[in-house]
There are 2 protein chains.
Amino acid sequence: MTNQAKLKVYQEVLTQIREFIEVNELQDGDRLPSERELSEQLNAARSSVREALRAIELLGLIETKHGEGTFLRTYRPYHSVELLSTFVLREVRTKEELLDVKFMLEKQCLEQVNIEEVADAFQWRSVKPEERHTAFFLPMFEAINNQLLLKIWHLVEGFSNTQLVAIQEKTYYEQLYSYIHNDERDQAIKLHASSY
Amino acid sequence: MTNQAKLKVYQEVLTQIREFIEVNELQDGDRLPSERELSEQLNAARSSVREALRAIELLGLIETKHGEGTFLRTYRPYHSVELLSTFVLREVRTKEELLDVKFMLEKQCLEQVNIEEVADAFQWRSVKPEERHTAFFLPMFEAINNQLLLKIWHLVEGFSNTQLVAIQEKTYYEQLYSYIHNDERDQAIKLHASSY
DNA sequence: TTTCGTTAGTGGTCCGACCATTATTCGGAC
DNA sequence: GTCCGAATAATGGTCGGACCACTAACGAAA
């Protein structure tokens with residue numbers, strides 16, 4: 001027996017849409033054929049075509065405008081990450097696990113970030129104490145220029161925030177910043193670790 | 001005017017399915033109500049329910065068995081991920097981000113893992129070359145004992161796997177293992193980094 | 001030329017029908 | 001009583017059509 005030969009219609013449709021995009025070299029913002037056209041050209045019911053389209057819409061790959069059509073869209077991985085997280089975090093409720101991952105991400109950030117590229121580096125100074133942490137790290141993650149990483153951290157941050165996080169003094173972040181600025185990464189990481 | 005109040009039906013359905021899972025504390029493998037039941041209970045047409053289900057099926061969050069029902073699914077990186085990735089990885093940017101995050105996670109794993117706790121440490125020896133990487137890292141991530149971290153890596157792994165990943169020789173993983181075993185973490189990390 | 005209804009095309013939603021597959025049920029053969 | 005196989009019921013898979021809501025383009029009137 002062939003192992004997997006029987007793909008569902010909506011999956012075939014997806015493949016063909018993918019090919020259509022390829023062949024016609026569609027760019028972001030370009031319009032796809034209407035649901036009815038696709039339905040006819042691909043020999044599939046409109047409802048099946050819709051199942052395919054809704055799936056990749058949810059992912060953020062396309063955008064549908066009522067009365068206008070379906071358009072290709074610049075894919076941003078963080079859309080799907082958000083969606084996935086609500087399911088992935090389903091059973092990962094352990095505060096410990098969340099904090100571990102969050103710590104790990106921040107550590108990685110401290111290692112990688114180019115401090116020169118951090119905008120609003122001192123935004124956190126003028127912010128409420130409980131928001132300092134986010135205000136400090138957010139621009140740093142943005143400077144890393146990896147939206148996926150940023151989104152993951154943001155989500156973990158959001159979930160763990162509801163738990164009590166130790167609030168650090170301004171001096172803590174000042175020290176952290178200064179370490180990185182002088183490229184004393186290991187010192188920064190050590191300090192960061194001591195706060196968890 | 002409210003900015004975005006008008007969610008589509010399938011999106012509402014999605015939310016409610018999520019709540020259903022939450023409230024009833026469904027675990028992986030558990031069965032969801034049938035499409036017809038959901039349709040009735042949520043006051044939505046069956047086709048709308050299907051749009052929602054197909055979307056999260058494509059994501060790999062549920063599994064449908066013809067004649068049986070719809071089941072919550074332990075994430076497995078085969079199936080539709082390949083299809084999905086052909087869409088998602090259209091842009092070079094996305095590939096880079098995925099690989100960066102994957103690299104980062106693995107690096108962290110190499111730093112943290114207690115090699116004594118790794119079960120099936122040499123499973124990867126007897127596996128197809130293209131599966132070596134996963135077979136090597138999976139037990140290590142499991143040994144870290146952080147469900148969240150594991151799931152994140154698994155997802156990223158699944159996507160990036162479908163694209164060209166450099167296949168390493170057995171000696172590469174042997175070396176990696178031996179470094180960690182002798183607690184020469186920095187050597188392991190350096191080796192790992194050289195492969196990306 | 002401008003304005004404003006009309007109209008055609010599009011996505012959004014619903015309904016009902018039928019098929020394919022699976023698990024269950026039940027009755028007869030042993 | 002046990003076992004087996006044929007109905008049966010429940011489920012997902014697919015189709016086609018109907019109608020609504022929204023948008024843009026067109027064309028006639030001012």
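Predicted model only: the values in this text are computed from it and were never measured. Within every chain, numbering begins at 1; the chains are lettered A, B, ... in the order of the sequence lines, protein sequences first and strands thereafter.
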Q | Bounds of contact between DNA chain D and chain A, in 5' to 3' order, using a heavy-atom cut-off under 4.0 Å | A | D:dG13 to D:dA24

Q: Locate the shortest heavy-atom distance separating A:G69 from A:R31; write the atom from each residue and the value.
A: CA-NE, 4.0 Å

Q | All side chain to side chain contact (heavy atoms under 4.5 Å, CB included) counterparts of A:Q41, not counting sequence neighbours | A | A:E37

Which atom pairs, one a donor and one an acceptor, fall under 3.5 Å between side chains of residues 107-121 of chain A and the rest of the protein, sequence neighbours left out?
{"unit_1": "A:K107", "atom_1": "NZ", "unit_2": "B:E111", "atom_2": "OE1", "d": "2.3"}
{"unit_1": "A:E111", "atom_1": "OE1", "unit_2": "B:K107", "atom_2": "NZ", "d": "2.4"}
{"unit_1": "A:N114", "atom_1": "OD1", "unit_2": "A:E116", "atom_2": "N", "d": "3.1"}

Q.
Less than 4.5 Å apart, side chain to side chain, heavy atoms only: is that true for A:K170 and A:R132?
A. yes

Q) Restricting to pairs with a member in residues 17-73 of chain A, which pass ring-ring contact (aromatic ring centres under 6.0 Å, His included), not counting sequence neighbours? A) none

Q.
Nearest heavy atom decides the nucleotide; on that basis, is A:E68 or A:R46 closer to the 5' end of DNA chain D?
A. A:R46

**Q.** Summary of salt bridge (charged side-chain N to carboxylate O under 4.0 Å, His left out) pairs that have at least one residue in residues 45-56 of chain A, sequence neighbours excluded
**A.** A:E35-A:R46, A:E35-A:R50, A:E35-A:R54, A:R50-B:E51, A:E51-B:R50, A:R54-A:E57

(Q) For DNA chain C, which residues of residues 17-40 of chain A approach it to below 4.0 angstrom with any heavy atom? (A) A:R31, A:S34, A:E35, A:R36, A:E37

Q. Salt bridge or not for B:D183 and B:R185, using N-O below 4.0 Å?
A. yes

Q) For B:N182, which residues count as a side chain to side chain contact (heavy atoms under 4.5 Å, CB included) partner, sequence neighbours excluded? A) B:S178, B:E184

Q: Mind jotting down which residue pairs meet the ring-ring contact (aromatic ring centres under 6.0 Å, His included) criterion with at least one end in residues 95-116 of chain B? Sequence neighbours excluded, please.
A: B:F103-B:H192, B:F103-B:Y196

Q) Is the A:Y177 to A:F122 ring centre distance short of 6.0 Å? A) yes

Q: For DNA chain D, determine which residues of residues 53-66 of chain A have any heavy atom closer than 4.0 angstrom to one of its atoms, and list them numerically.
A: A:H66

**Q.** Salt-bridge contact A:E22-A:R18 (side-chain N to carboxylate O under 4.0 Å)
**A.** yes

Q | With A:E131 via side chain to side chain contact (heavy atoms under 4.5 Å, CB included) - residues at least two apart | A | A:V127, A:K128

Q: For B:S47, answer base if it contacts any base atom (sugar-phosphate contacts may also be present), sugar-phosphate if it contacts only those atoms, and nothing otherwise; contact means non-hydrogen atoms under 4.0 Å.
A: base

Q | Terminal contacting nucleotides, 5' and 3', DNA chain C versus chain A (heavy atom, 4.0 Å) | A | C:dG9 to C:dT21

(Q) Restricting to side chain to side chain contact (heavy atoms under 4.5 Å, CB included), what partner residues turn up for A:S194, sequence neighbours left out? (A) A:L191

